[in-house]
Number of protein chains: 2
Amino acid sequence: MDTSISRSLAPREHVVTLLERHGVTATQQRVEVGQVLFACPQHLSADQILERVMAIGARVSKATIYNTLNLFSERGLVRTLTIDGDRQFYDPTTTPHHHFYNVDTGELTDIPADAVALSALPTPPAGTAHERVDVIIRVRST
Amino acid sequence: MDTSISRSLAPREHVVTLLERHGVTATQQRVEVGQVLFACPQHLSADQILERVMAIGARVSKATIYNTLNLFSERGLVRTLTIDGDRQFYDPTTTPHHHFYNVDTGELTDIPADAVALSALPTPPAGTAHERVDVIIRVRST
DNA sequence: TTCTATGCAAAGACTTTGCATGCTG
DNA sequence: CAGCATGCAAAGTCTTTGCATAGAA
C-alpha cells in the first residue's frame with residue numbers, strides 16, 4: 001500500500017455543492033480546504049488544515065486559510081471551537097453536539113447532542129436570547 | 001463623593017490568608033492582584049486586572065500579572081475561562097458553576113451549578129476520567 | 001543569607017491586514 | 001471587464017521567557 005501520508009478527502013463535487021448552497025464562491029483554494037475539512041468528523045487547527053492542504057499538493061497561503069475558515073464559520077459551514085486559549089479548532093459538524101476535551105493530550109471528541117440530558121436551562125439575562133449551548137466535559141488520562 | 005475610579009477591593013487580610021492556605025507566598029504584588037480579583041464575582045482579563053491594580057496605585061509588571069494568574073490558576077485560586085479565542089478571563093469563583101456568554105457584547109454571567117440540570121453524562125473515552133463539566137450558554141442581544 | 005519573585009524587554013505563537021496580482025462570472 | 005479572491009509579508013494581540021535585581025523566610 002501507499003506509504004506516503006494519504007488521507008481520504010471529501011469529494012470535490014460534494015464540497016462545491018456545499019459551498020454554493022451556503023452562498024460561498026467555490027474557488028480552487030476554498031474547495032481544497034473544504035475537501036480536507038469535510039473529509040470526516042474531526043477537529044483541526046488552522047495549521048493542521050494548511051499542512052494537509054499542502055500535503056495533497058495544493059498551494060494555499062496561510063492568509064487564505066484563515067480567510068477561508070473565517071468565511072466558512074460566518075456562513076455556518078463549520079463551527080469554531082475555542083477550548084484552551086492557544087488556538088482555535090474547526091469542527092465540520094455543525095449540528096448540535098458537545099465535546100469531551102482531554103486536558104492532558106488536548107484531544108477533542110464529539111458527543112452526540114442526545115447523549116447529554118440538559119433539562120431546565122436557566123432564563124437568559126434580560127435583553128438576550130439563547131443562541132446555542134455548549135457542553136465541554138473535561139477529562140484527564142488515567 | 002469621590003469622582004476618581006474607585007472600586008471595592010477584597011480586604012488585604014483575607015487575601016493573604018487565602019494565598020497562604022493555597023501554599024502561595026503572599027508577596028506584595030500577588031496580594032494586590034488578589035485584592036482586585038477576589039473583590040467580587042467577576043470575569044476579568046489579564047489586561048483589566050493590570051489596569052485595576054495600577055489604578056489602586058500599585059506597580060506591577062505585565063509579566064508578573066501573567067505569572068501570578070497562572071500560579072493562582074494552578075493552585076486552584078481562580079478558574080481560567082477561554083470563551084472566544086482572543087483572550088482568557090479569570091474567574092474568582094472556583095466552585096462548580098456555568099456561564100452565559102453574550103456573543104454580541106462579550107459579557108460573561110455566572111450561572112449557579114444547580115440552575116442547570118445535567119443528567120446522564122456520557123461515559124468518558126476509554127482511559128480517561130471526568131474532571132469538570134463546563135456549560136456555556138451563548139446568548140445574543142435582542 | 002539563600003531561594004523565590006519581580007521587572008523589563010525581547011521573543012513567540014497565532015491571527016489579521018494591506019496591497020498588488022490573478023481568477024471568477 | 002468589474003469585482004472578489006489570493007499571496008506575501010508586515011503588523012497586531014496576547015502571552016511567555018531570560019536574565020539581572022529586589023524581596024521573602
Side-chain angles (χ1 to χ4, degrees), chain A residues 12 15-17 19-37 43-54 56-75 77-78 80-90 106 108, chain B residues 12 15-17 19-37 43-54 56-75 77-78 80-90 106 108:
Chain A
R12 192 163 196 91
V15 174
V16 171
T17 308
L19 299 199
E20 286 172 350
R21 205 154 47 202
H22 286 258
V24 173
T25 306
T27 64
Q28 186 67 34
Q29 288 83 344
R30 288 173 184 175
V31 171
E32 287 155 353
V33 170
Q35 288 189 267
V36 166
L37 195 50
H43 307 93
L44 299 174
S45 67
D47 252 9
Q48 290 174 316
I49 293 167
L50 178 56
E51 252 174 43
R52 297 192 183 187
V53 169
M54 297 305 227
I56 64 175
R59 72 159 181 51
V60 181
S61 74
K62 188 176 276 198
T64 299
I65 293 286
Y66 279 105
N67 289 339
T68 300
L69 291 170
N70 286 338
L71 180 65
F72 283 8
S73 189
E74 273 168 29
R75 299 300 173 85
L77 280 154
V78 298
T80 304
L81 300 177
T82 308
I83 304 294
D84 55 17
D86 290 357
R87 51 189 177 175
Q88 316 245 99
F89 289 92
Y90 298 90
L108 278 166
Chain B
R12 193 166 196 89
V15 173
V16 171
T17 307
L19 299 198
E20 284 171 352
R21 203 154 49 201
H22 286 258
V24 173
T25 306
T27 64
Q28 186 66 35
Q29 289 83 345
R30 289 173 181 174
V31 172
E32 287 154 353
V33 169
Q35 288 190 266
V36 165
L37 195 49
H43 308 91
L44 299 175
S45 67
D47 251 10
Q48 290 174 316
I49 292 165
L50 178 56
E51 252 175 44
R52 295 190 185 188
V53 169
M54 297 305 225
I56 64 175
R59 73 161 179 49
V60 181
S61 75
K62 189 176 276 197
T64 299
I65 292 287
Y66 280 104
N67 289 340
T68 300
L69 291 170
N70 286 338
L71 180 66
F72 283 9
S73 189
E74 272 167 29
R75 301 299 174 85
L77 279 153
V78 298
T80 303
L81 300 177
T82 309
I83 304 293
D84 55 20
D86 289 357
R87 51 188 177 177
Q88 316 246 96
F89 288 91
Y90 299 89
L108 278 167

Would one find a side-chain N or O of B/Arg59 under 4.0 angstrom from OP1 or OP2 of C/dT6?
-> no
So, is B/Thr64 close to the C/dG7 phosphate, meaning a side-chain N or O under 4.0 Å from OP1 or OP2?
-> yes
Less than 3.5 Å apart, which donor and acceptor atoms pair up between the side chains of residues 19-27 of chain A and the rest of the protein, not counting sequence neighbours?
{"unit_1": "A/His22", "atom_1": "ND1", "unit_2": "A/Arg75", "atom_2": "O", "d": "3.0"}
{"unit_1": "A/Thr27", "atom_1": "OG1", "unit_2": "A/Arg30", "atom_2": "N", "d": "3.4"}

Set of residues satisfying side-chain hydrogen bond (donor to acceptor under 3.5 Å, both in side chains) with respect to [X], sequence neighbours excluded:
X	result
A/Arg52	A/Gln42
A/Asp84	A/Tyr101
B/Thr17	none
B/Gln35	B/Arg12

Between atom CG of A/Leu50 and atom CD of A/Gln48, what is the distance when rounded to the nearest 0.5 Å?
-> 11.0 Å
Under the side-chain contact (heavy atoms from CB on, under 4.5 Å) test, residues paired with A/Glu74 that sit two or more places apart = A/Leu71
Who pairs with B/Ala63 by side-chain contact (heavy atoms from CB on, under 4.5 Å), at least two apart in sequence or on another chain?
-> B/Ser61
If we only count heavy atoms from C-beta on, is the A/Leu81 to A/Tyr90 side-chain gap below 4.5 Å?
-> no
Taking [atom1] from [X] and [atom2] from [N], how many angstroms apart are they, rounded to a whole number?
X	N	atom1	atom2	value
A/Ile65	D/dA9	CD1	C1'	17 Å
A/Glu74	D/dA5	CD	C1'	14 Å
A/Glu32	D/dA5	CD	C1'	13 Å
B/Arg30	D/dA24	CZ	P	11 Å
A/Asp84	C/dC14	CG	C1'	12 Å
B/Leu50	C/dG7	CG	P	10 Å
A/Gln48	C/dT15	CD	P	11 Å
B/Leu71	D/dA24	CG	C1'	15 Å

Run the numbers on B/Leu37 and B/Leu69 for side chain to side chain contact (heavy atoms under 4.5 Å, CB included), then give the verdict.
-> CA-CA 10 Å; B/Leu37 195 49; B/Leu69 291 170; 3.9 Å; yes
Might you list the N or O atoms of the protein lying below 3.5 Å from N or O atoms in nucleotides 22-25 of chain C, with each pair's distance?
none

In terms of heavy-atom contacts, B/Val60 and B/Met54 come closest through O-CE, 3.7 Å
N/O to N/O distances under 3.5 Å, protein versus nucleotides 11-18 of chain D:
{"unit_1": "D/dT15", "atom_1": "OP1", "unit_2": "B/Gln88", "atom_2": "N", "d": "3.1"}
{"unit_1": "D/dT15", "atom_1": "OP2", "unit_2": "B/Tyr66", "atom_2": "OH", "d": "2.4"}
{"unit_1": "D/dT15", "atom_1": "O5'", "unit_2": "B/Tyr66", "atom_2": "OH", "d": "3.4"}
{"unit_1": "D/dT16", "atom_1": "OP2", "unit_2": "B/Asn70", "atom_2": "ND2", "d": "3.0"}

Take the C1' atoms of the five end pairs on each side of the helix from C/dT1-D/dA25 to C/dG25-D/dC1, derive the two axes, and give their angle rounded to 10 degrees.
-> 40°
